[in-house]
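All values below come from the heavy atoms of this structure, side chains included, with hydrogens, waters and symmetry mates left out. Small disclaimer: the values here were computed from a predicted structure and weren't measured.
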Amino acid sequence: MFATYLIGLREGLEATLVVSILVAFLVKSQRRERLPQVWVGVGAAVALSVLFGWLIEYTSTSLLADSGDRELFEAVTSVAAVVFVTWMIFWMRRAARTIAGELRGRLTEALAVGSLAVAGMAFLSVVREGLETALIFYSAAQGAAADSGPLLALVGGIATAVAVGVGLYFSALKINLSMFFTWTGALLILVAAGILKYGVHDFQEAAVLPGLHDLAFDITAVLDPGTWYAALLAGMFNITPAPSLLETVAWVAYAVPVLLLFLRRSASPARPTPTAANQSTTGSGPLPASPRA
């Protein structure tokens, strides 16, 4: 469940920071009358994301009657989720220094067009995070037991992100967002490796890939699946005691180079990173003034 909590926290904080930039810009520029349009756009993005998540689940459980088709569908969504996670992590690192200015520029243009443009701009700014969250959550929760635990963990992560975002907006919290996104990014890469491993397993279950019973190793005697730490490793990173050879190759082939590339870029010499109270996004720029300013 920690993996789904991390997904909700990471994606939720990104969306919260985007919304805070838009709201603070309108407040600072004395355009409070446009705030309802922003919230309409945000609400529509959240609604579409929930609908997308429901549609994925409904397709898997109701529209696909054959178990082989379900396995194939889950495999495809897992691979798609890995692509989105990887793109999101590296995109945020690249765009962090300019995202605040770009959002303000787009909002200025939308204000000149009208209310619908403002709502549309807020919608587009948030919906990407929401759709990614729905897809990644579905893929990450496939190996979990059929209960409400993963969903509650996701909601908890989003709720934490909103609370942190509000605290940052009002300067009640001071955390190093650059360090936060570096650590969560590294953890999400390992989560994505587990999702890819699960996708390969589903492809093998669907008879698309061979080698389902060709085990890379079997350490069940050491890593008992019934223990809490084995369940934690399986739930977070899909590390299991008896994986197939192809699953193991996929996990290592993704996790090692991607993690090294991500950490190498993170360790590159960079300008000093201010605390979150002085940032508008992940380690960049001044945070927009709060409504009390």
Side-chain angles (χ1 to χ4, degrees), residues 7-59 80-81 83-85 87-88 91-92 94-138 154-155 157-171 177 181 279-282 284-293:
I7 291 168
L9 178 62
R10 168 83 187 212
E11 296 282 347
L13 187 54
E14 287 185 19
T16 301
L17 290 173
V18 167
V19 173
S20 71
I21 292 170
L22 299 180
V23 171
F25 178 76
L26 290 176
V27 171
K28 190 174 182 179
S29 59
Q30 304 298 317
R31 303 299 297 272
R32 290 176 180 267
E33 74 278 3
R34 296 297 190 182
L35 287 176
Q37 285 87 55
V38 170
W39 295 120
V40 167
V42 171
V46 171
L48 180 61
S49 301
V50 172
L51 177 62
F52 179 64
W54 172 84
L55 182 60
I56 295 176
E57 180 66 21
Y58 179 76
T59 300
V83 172
F84 276 115
V85 168
W87 177 82
M88 174 266 294
W91 175 86
M92 176 53 73
R94 184 178 67 254
R97 295 186 179 91
T98 60
I99 187 173
E102 291 178 359
L103 284 173
R104 295 185 186 109
R106 293 174 187 172
L107 186 55
T108 299
E109 295 174 358
L111 286 169
V113 174
S115 300
L116 187 60
V118 174
M121 191 267 176
F123 171 83
L124 293 175
S125 298
V126 175
V127 73
R128 180 181 64 84
E129 306 292 345
L131 296 179
E132 284 179 3
T133 301
L135 179 60
I136 299 168
F137 166 71
Y138 171 80
L154 179 75
V155 173
I158 294 174
T160 304
V162 172
V164 171
V166 171
L168 292 175
Y169 182 80
F170 288 101
S171 299
L177 285 180
F181 280 108
Q279 292 175 310
S280 58
T281 58
T282 56
S284 62
L287 189 76
S290 74
R292 296 175 299 180

For L131 and L48 the tightest heavy-atom approach is CD2-O, 4.3 Å
Suppose we screen for side-chain hydrogen bond (donor to acceptor under 3.5 Å, both in side chains). Which residues come up paired with S29, at least two apart in sequence or across chains? none
Applying side-chain hydrogen bond (donor to acceptor under 3.5 Å, both in side chains), name anything that partners T59, two or more places apart in sequence or on another chain. none
Which pairs would a plain distance check flag for residues 105-121, meaning a side-chain donor or acceptor within less than 3.5 Å of a matching protein atom at least two apart in sequence or in another chain?
residue : atom : partner : partner atom : Å
T108    : OG1  : R104    : O            : 2.8
S115    : OG   : R34     : NH1          : 2.5

Around atom CZ of F84, are there more than 12 heavy atoms from other residues, nucleotides or ligands closer than 6.0 Å? no
Quick check for you: to the nearest 0.5 Å, what is the distance between I7 atom CD1 and F137 atom CZ? 8.0 Å
Can you name the nearest heavy-atom pair linking L13 to A161, along with the distance? N-CB, 3.2 Å
Measure across A122 and V38 and return the closest heavy-atom pair with its distance rounded to 0.1 Å. CB-O, 3.6 Å
Which pair of non-hydrogen atoms, one from F123 and one from A45, has the smallest distance, and what is that distance? CD1-N, 3.4 Å
Spatial distance of atom CH2 (W54) from atom OH (Y138) [nearest 0.5 Å]: 13.5 Å
Restricting to side-chain contact (heavy atoms from CB on, under 4.5 Å), what partner residues turn up for V40, sequence neighbours left out? none
dist S20:OG -> F170:CZ (nearest 0.5 Å) comes out at 10.5 Å
Is there side-chain contact between F181 and R10, with heavy atoms separated by less than 4.5 Å? yes
Rounded to the nearest 0.5 Å, what's the gap from CD on E14 to OG on S125? Could you check? 12.5 Å
In the structure I gave you, are the side-chain heavy atoms of V23 and V19 within less than 4.5 Å of one another anywhere? yes
Applying side-chain hydrogen bond (donor to acceptor under 3.5 Å, both in side chains), name anything that partners E132, two or more places apart in sequence or on another chain. R128
First locate atom CD of Q37, then atom CG of L22, and finally report the distance between them rounded to the nearest 0.5 Å. 12.5 Å
Tell me, with the steps shown, if V46 and V127 meet side chain to side chain contact (heavy atoms under 4.5 Å, CB included). CA-CA 7 Å; V46 171; V127 73; over 6 Å; no
CD1 of I158 to CD of E129, rounded to nearest 0.5 Å, is 11.0 Å
Under the side-chain hydrogen bond (donor to acceptor under 3.5 Å, both in side chains) test, residues paired with Q30 that sit two or more places apart: none
